[in-house]
Amino acid sequence: MEPRAASRPISGERFCLLEVNMSTKEQYTDSFLYRLRHSTAHVMAQAVLDKFPGAKIAIGPAIEDGFYYDFDLPRPLTPEDLEEIEARMRQIINGKHPFIRRSVSASEARQIFKNQDFKLELIQGLESGGFDEDGNPLEGNVEITTYTHDTFTDLCRGPHVEHTGQINPEAFKLMSVAGAYWRGDEHRPMLQRIYGTVWENKEDLQEYLRRLEEAKKRDHRRLGRELDLFSVNDEIGPGLILWHPKGGKIRKIIEDFWGDEHEQNGYEFIYTPHIGRAALWETSGHLVSYRENMYSPIEIEGQQFYLKPMNCPFHIHIYKSRGRSYRELPMRLAEKGTVYRFERSGVLHGLMRVRGFTQDDAHHFCTPEQMPQEIDFVVNFSLHILRSFGFQDIKAYLATMPKDAIGEADQWQAAQNALKESLERIHLPYEVDEGGGAFYGPKIDLKVKDAIQREWQLSTIQFDFNLPERFDLTYIAEDGQQHRPYMIHRALLGSLERFFGVLIEHYGGAFPVWLAPVQASIIPIADRHLDYAFEVMKKLKAYGIRASVDDRNERMNAKIRDAQNQKIPYMLVIGDKEVENRQVALRLRSGENPGPIELDAFIARAQQDIADKK
RNA sequence: GCCCUCAUAGCUCAGUCGGUAGAGCACGUUCUUGGUAAGAACGGGGUCAUGGGUUCAAGUCCCAUUGAGGGCUCCA
């Protein structure tokens, strides 16, 4: 019904490889590493059963970077349990037990797993056709196979390594315990899931653990506090963001850039209220299909108003405020619209998943004939915006007609073709997410890879066959008749909160100069250099460079250290020599130390870096 | 919402067997005016998340609530 990027799952953290990239996934499934991980999961299951003989085992697949196995256990696991299980796993590994595959009938399988309720349910499923781990039905008759090593037998399609000795006892680690519903269904039993990681050798394991550390250092929640960018306050409420002055500065730079680019590209800016009458949300259909994400109504003089979860109905009413001619189309209405959505408490996460956020929203209204060029435009525009912020690795996902779709099939086909042809014209790599569209229209999502190769969804470009009908949108065409316009929802950054979170993690807090809240820290060595330091600051500010003087009673070394920790791009040290020569001694946050240069030379350099968006 | 874990100074954390609160950083004052990642001394700062309970006595044990973290589910 409108751009949803802000409430997308946080991809790129753990499972993105399995979720998104089929060709990579197939390669992975065939690899030794995959078999190693799957086999380690079996070894872990044996160790758990040795410790808890009555345990029920569920499923235990290999995942990106490791594996997990789900268990129903008599009590919650403790960290000490994990250590014991690890120790037992090493014993099993040292036994070099071969993995033996057997093909069995369903009744044999039932006999083998007669005490394993979850396995019996899986056998039932395999008999009646079967599904793969993504929930897609399997073709033809399914062969039921088991794998046995040592004393442990699992219902399993394989493949596995040859024997447990191929698992390097120095290269695996049990990472955490988490709750997980049986078959992912919240109405079914909650199991205990043990996550583990395993690699071919100790060095790879260490490299993986180092990568986790690196990701932790980039965590936007930590950097948000350390760099004084934003906070969340208990008394105000969860999922509600306070933008501090430095975060606010960055937001303003983003918004100004966004505004200029939109202005130059045919958008018009609108502003709309935060609440609307119940009747509006009835017309739009939100009260039927989006109610669970909307907050309770506010009663005003006996009438009910709702806080807006989306901007579209307001934008539509601007379109509808008078009769429209084809001559006005395409019409591009943009707003940084702040919306509020109920999100369950367990899903909130820093800036990435919040309850109040601002979308960089826009709605395009166009004639059917204009649709292809409108799509071309918006995809290109989106790429331009994302690239400006330093995201170079961008991939598209085309989501097509789902089962519960509304609208005519040929309408869908035309829209999907337009999206697809556009992606091909632009030579943007894409994958098709069959049936993944919204019920009201197909869409293109753009995902970017960050500096440490995690994928994040930012832009979303969606067709809507629903709202123009519901609100009875029309325009008068050349033939003098009323026609229904096409409507596109789009958000390029997604939401400013989430985009900021991604930006923080992408740069690890070291924002490019054009975005840095403080671009230059002026560091006088002694108090007698203060006058010149403030003079330098004044001049830099006059040239649009964000500079401040560190006039604290600290030694230069401490000021440099603090500026480094704040990831300020330029440090300008000022001592006797600089005052005398009217220079500044430049130091960069990279640690490079170009030394004394003329103030004008520094200004030219900074302006160039800013212009280049470095 | 569900499972597990956690909540002590602004931040990071210590606090033994239940016996009345600690460190480093940050902050303030003073001294120091130092040339490329932490100068020194002194000082202020805590209803131990909130509400109950057990106990002669609770930061510590129990229950509930709120919030956070890791997952699950959800995000047409």
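Here is how names work: the chains are called A, B, and so on, in the same order as the sequence lines, proteins then strands, and each is numbered from 1. These figures come from a predicted structure and were not determined experimentally.
Checked by distance alone, A:Arg221 brings no side-chain donor or acceptor within 3.5 Å of a matching partner on the base of B:A68. Within 3.5 Å, a donor on the side chain of A:Asp527 pairs with an acceptor on the base of B:U33, or the reverse. The base of B:C74 sits with one of its N or O atoms less than 3.5 Å from a complementary donor or acceptor on the side chain of A:Arg353. Between the side chain of A:Arg344 and the base of B:U73, a donor-acceptor pair under 3.5 Å is found. Evaluation of atom-type donor-acceptor distances gives a pair under 3.5 Å for the side chain of A:Tyr181 against the base of B:G1. Not a single donor-acceptor pair, N or O on each side, falls under 3.5 Å between the base of B:U73 and the side chain of A:Asp185.
Base engagement by A:Ala585 is indicated by at least one non-hydrogen atom pair under 4.0 Å involving a base atom. Contact annotation for A:Lys577: base contact, defined as any heavy-atom pair under 4.0 Å involving a base atom. A:Asp562 comes within contact range of no nucleotide atom at all, as no heavy-atom separation falls under 4.0 Å.
The side chain of A:Arg225 places an N or O atom within less than 4.0 Å of a non-bridging phosphate oxygen (OP1 or OP2) of B:U12. For B:G71, the OP1/OP2 oxygens have no side-chain nitrogen or oxygen of A:Ser176 closer than 4.0 Å. The shortest distance between the side-chain N/O atoms of A:Tyr195 and the OP1/OP2 oxygens of B:C72 is below 4.0 Å. The shortest distance between the side-chain N/O atoms of A:Arg587 and the OP1/OP2 oxygens of B:A37 is below 4.0 Å.
Minimum atom distance to the side chain of A:Asn553 is reached by B:U32, of the listed B:U32, B:G67, B:U33. Counting only heavy atoms from C-beta on, A:Met190 has its side chain closest to B:C2 among B:A37, B:C2, B:A76. Of the candidates B:C31, B:G1, B:G70, B:G70 carries the atom nearest the A:His349 side chain, counting heavy atoms from C-beta on. Closest to the A:Glu578 side chain, of the nucleotides B:G1, B:G39, B:G35, is B:G35.
Here the separation of B:G19 from B:A58, taken at their P atoms, is 11 Å to the nearest Å.
For RNA chain B, each stem of at least three Watson-Crick or G-U pairs (distances under 3.5 Å) is given as range with range: B:1-7 with B:66-72, B:10-13 with B:22-25, B:27-31 with B:39-43, B:49-53 with B:61-65.
Inspection of the A:Gln462 and A:His489 side chains reveals no N or O donor paired with an N or O acceptor under 3.5 Å.
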